[in-house]
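The figures that follow rest on heavy atoms only: side chains count, while hydrogens, waters and symmetry mates do not.
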Amino acid sequence: MKHTEIVKFLSLVALLATHLGYAQTTLSGRIIYVDGTPLSGVNITVENTENGTSTDARCHFELSDLSGQITLLISSVGYESQQVEINLNDDISKLKIRMDTETFKLEEVIVVANKSLIKNSVTEARERLDRIPGGTNLVSMDRLDDQRSLTLNGALQFQPGVIIQEFFGANDQPRLNIRGSGIQSNPQRRGVNLLQDGISTNFSDRSYIIGIPEPRAANYIEVFRGANGLKYGATTLGAAINLVSKNGYKVSPLELKAEGGSFGYYNGSIATGGIFGQNDIYTAVSYNQADGFREFNSSSRLNAMVNIGRKLNDHLETRLYATYTDLSFDIPGPLTQAQLDENSKQINPGVNPPVSIGPNVVRDRPCRDSKILRIANKSIYNINDRSDLTLGLYYQYGDDTFDFPITVDVRNSISNNFGLTASYLATSKQNIFRTGIIAKAGTIDRSYSVILSGEVGAKYAENELTATNLIFYAEDIYQFTDKLSGLLSVQISSNTRNNEDVFATPSSRPFFDFTTQSSGTFDAGDTSLDLDFFGFNPRLGLMYDLGENHRLFLNVSRSYESPTFDELINIAEAIRTKARKFLAL
């Protein structure tokens with residue numbers, strides 16, 4: 001072959017190679033989601049090279065300087081990565097690639113908010129209360145960290161359906177009213193079952209001292225209005241208030257709070273806790289005192305509590321609660337509008353209508369001094385993930401002295417109260433079933449004495465009071481659909497109230513005439529009694545979930561309340577009727 005022919009042949013080969021290379025060095029395409037949605041920002045790289053690009057806003061891409069057989073690596077966050085093999089010799093210039101969302105197979109993750117088997121989580125409580133077709137409240141105690149808080153008034157004062165207000169603005173006994181029950185029932189409260197961790201703090205006749213609980217030691221408070229508290233043994237028209245204590249699983253190593261203000265007010269608290277192996281502990285002490293705005297208006301309150309838990313194994317846990325409260329306050333009494341305008345700090349010197357409506361606070365110095373010691377145990381056994389057994393035991397001692405501002409007498413009550421609660425809970429996908437029994441019994445040794453210018457005078461009555469309460473309940477919540485659920489429950493209650501009048505001479509009770517400064521006797525009769533009460537309380541409810549935190553519910557129920565000893569035995573009325581001079585009105 002001649003030289004010129006060789007040159008022509010090589011030129012032709014080079015021209016052909018150039019033409020083929022140009023036809024296969026550029027590759028373009030589109031990347032879309034499986035449903036046809038364009039995907040921008042998808043990365044496309046040629047394997048083992050630095051040659052790459054990404055899709056534009058219209059999901060297009062283009063690669064150049066390619067030849068032969070290549071592998072495209074396609075990736076984007078949230079989508080499955082792909083490898084696409086392409087032979088450019090097959091005259092491929094445009095591609096359409098579909099991508100699907102990325103799926104992951106993760107190991108099982110268990111989130112534990114609180115390792116305690118005895119739950120005290122606000123989230124769990126909210127889920128539980130949301131299943132109730134009726135009026136309930138859930139109050140987290142976190143907000144009490146930055147506000148003045150002496151009694152339950154500070155925790156419940158803004159709750160719908162709950163009316164609570166202090167008498168004289170300090171550590172006195174707030175007036176509590178839920179659905180018309182319990183208001184103005186001095187000296188003891190009634191109409192509400194007050195609980196600590198699901199265990200009653202009421203005395204054996206259902207009365208209670210509302211200034212005793214310490215809300216700052218609680219993680220949250222549940223309020224069950226009306227028949228919604230039947231499962232807590234609330235044989236009361238106003239239902240139940242349950243304070244759920246903090247524990248060592250969720251507490252700071254040291255919590256301090258101190259505050260002060262006008263009129264000799266100061267308040268301080270210290271709390272600590274933690275986890276020690278299978279045990280946890282939370283303990284808190286608080287003290288507050290105030291001189292008050294008015295004359296004879298001082299008050300003080302000491303509260304100490306400890307909550308110790310031990311998790312014996314993954315199925316069994318037991319807790320010990322111990323609380324001591326020392327509460328005292330003066331009762332400055334009411335004023336007329338004229339007295340309020342004249343001097344809002346004054347107290348009444350006696351009854352002189354219309355100038356003064358009494359009582360004679362200057363002379364009789366009415367006040368209250370209460371000491372309560374309470375020890376309780378609560379144990380839970382998880383049978384499995386869907387059922388458990390709970391047992392509660394408690395003992396409560398009380399020493400309560402009340403100098404009445406109206407009847408001019410001193411009432412002292414020494415009480416010993418015992419109780420047991422046992423419940424069984426079983427849950428399934430569509431059903432929540434709970435049943436249990438509550439047994440409470442106690443004695444109250446009560447004496448009445450005359451006030452003589454603020455001093456305790458002659459005793460005129462003495463009673464040995466005994467009360468028992470046996471309650472059975474069963475409750476079932478059934479989920480008919482995702483939106484509709486129903487509740488059916490029943491409570492059966494048997495109560496006894498017994499009083500033995502043990503005053504030495506019941507037909508010769510002393511009285512004192514402040515007008516003539518002379519004493520005498522009167523016949524009040526024997527106040528002994530022995531009474532039985534029985535209550536049957538059914539309840540039916542329906543609830544429809546509208547979504548977005550809106551629900552419709554229907555609740556039909558019957559409530560029942562046995563009387564307290566204050567309602568059965570009114571020594572003051574006997575005095576008022578048979579010895580009016582004693583009242584010095």
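Side-chain contact, S286 with S269: no donor N or O sits under 3.5 Å from an acceptor N or O. Side chain to side chain, S245 and Q196 meet the donor-acceptor criterion of an N or O pair below 3.5 Å. With 3.5 Å as the limit, one finds a donor-acceptor pair spanning the side chains of N537 and Q491. Side-chain contact, Y208 with N193: no donor N or O sits under 3.5 Å from an acceptor N or O. A donor-acceptor contact under 3.5 angstrom links the side chains of R225 and N137, judged on distance only. Under 3.5 Å, the side chains of Y282 and N219 contain no donor-acceptor pair of N or O atoms.
Here the side chain of H315 pairs no donor or acceptor atom with the backbone of Y381 at under 3.5 angstrom. Between the side chain of N279 and the main chain of R310, no donor-acceptor pair closer than 3.5 Å is present. Judged by distance alone, the side chain of S370 and the main-chain N or O of D399 form no donor-acceptor pair under 3.5 Å. The backbone N or O of I281 sits nowhere less than 3.5 Å from a side-chain atom of N307 that would complete a donor-acceptor pair. For the pair E567 (side chain) and T564 (backbone), a donor-acceptor distance under 3.5 Å is present. Counting only distance, with no hydrogens or angles, the side chain of E462 and the backbone of S447 share no donor-acceptor pair below 3.5 Å. With hydrogens and angles disregarded, a donor-acceptor distance shorter than 3.5 Å links the side chain of E317 to the backbone of L117. Using modelled atom types, one side-chain atom of R497 and one backbone atom of P563 make a donor-acceptor pair closer than 3.5 Å. Proximity of a side-chain donor or acceptor of R301 to a complementary backbone N or O of I212 within less than 3.5 Å is detected. T272 contributes a side-chain N or O that, together with a main-chain N or O of P253, makes up a donor-acceptor pair within less than 3.5 Å.
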side-chain hydrogen bond (donor to acceptor under 3.5 Å, both in side chains) assessment of Q396 paired with N417: CA-CA 5 Å; Q396 182 170 290; N417 303 271; 5.8 Å; no
Walk me through it: do Y265 and N288 pass the test side-chain hydrogen bond (donor to acceptor under 3.5 Å, both in side chains)? CA-CA 7 Å; Y265 167 73; N288 49 67; over 6 Å; no
side-chain contact (heavy atoms from CB on, under 4.5 Å) assessment of V362 paired with I347: CA-CA 7 Å; V362 174; I347 55 178; 3.8 Å; yes
Worked verdict on T318 versus N377 for side-chain contact (heavy atoms from CB on, under 4.5 Å): CA-CA 7 Å; T318 185; N377 174 264; 2.9 Å; yes
Test side-chain contact (heavy atoms from CB on, under 4.5 Å) on D388 and T390 and set out the steps. CA-CA 7 Å; D388 59 55; T390 303; 3.9 Å; yes
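Using a 4.5 Å heavy-atom cutoff, the side chains of L391 and L420 are in contact. The side-chain heavy atoms of K459 and S449, taken from C-beta on, include a pair separated by under 4.5 Å.
A distance of 11.5 Å separates CG of N303 from CD1 of I372, quoted to the nearest 0.5 Å. Taken to the nearest 0.5 Å, the CG atom of N499 stands 11.5 Å off from the CG atom of D205. Rounded to the nearest 0.5 Å, atoms CG (D197) and CG (N242) are 6.5 Å apart. Once rounded to the nearest 0.5 Å, the distance linking OG of S387 with CG of L425 reads 8.0 Å. The CG atom of D326 lies 6.5 Å from the OG atom of S300; values are rounded to the nearest 0.5 Å. Note: I270 CD1 to E255 CD = 10.0 Å, rounded to the nearest 0.5 Å.
G248 approaches D280 most closely through the heavy-atom pair N-OD2, 2.9 Å. Heavy atoms only, all atoms of each residue included: S528 and D501 are closest at OG-N, 2.9 Å. When every heavy atom of I199 is checked against every heavy atom of Y394, the shortest pair comes out as CG2-CD2, 3.5 Å.
The cationic group of K345 lies under 6.0 Å from the six-membered ring centre of F293 and within 45° of the ring axis, placing it in a cation-pi geometry.
For R539, the salt bridge (Lys or Arg N to Asp or Glu O under 4.0 Å) partners two or more places apart in sequence, or in a different chain, are E475.
Checked options D330, D403, T401, D400; the residue passing with R368 is D400 (criterion: side-chain hydrogen bond (donor to acceptor under 3.5 Å, both in side chains)).
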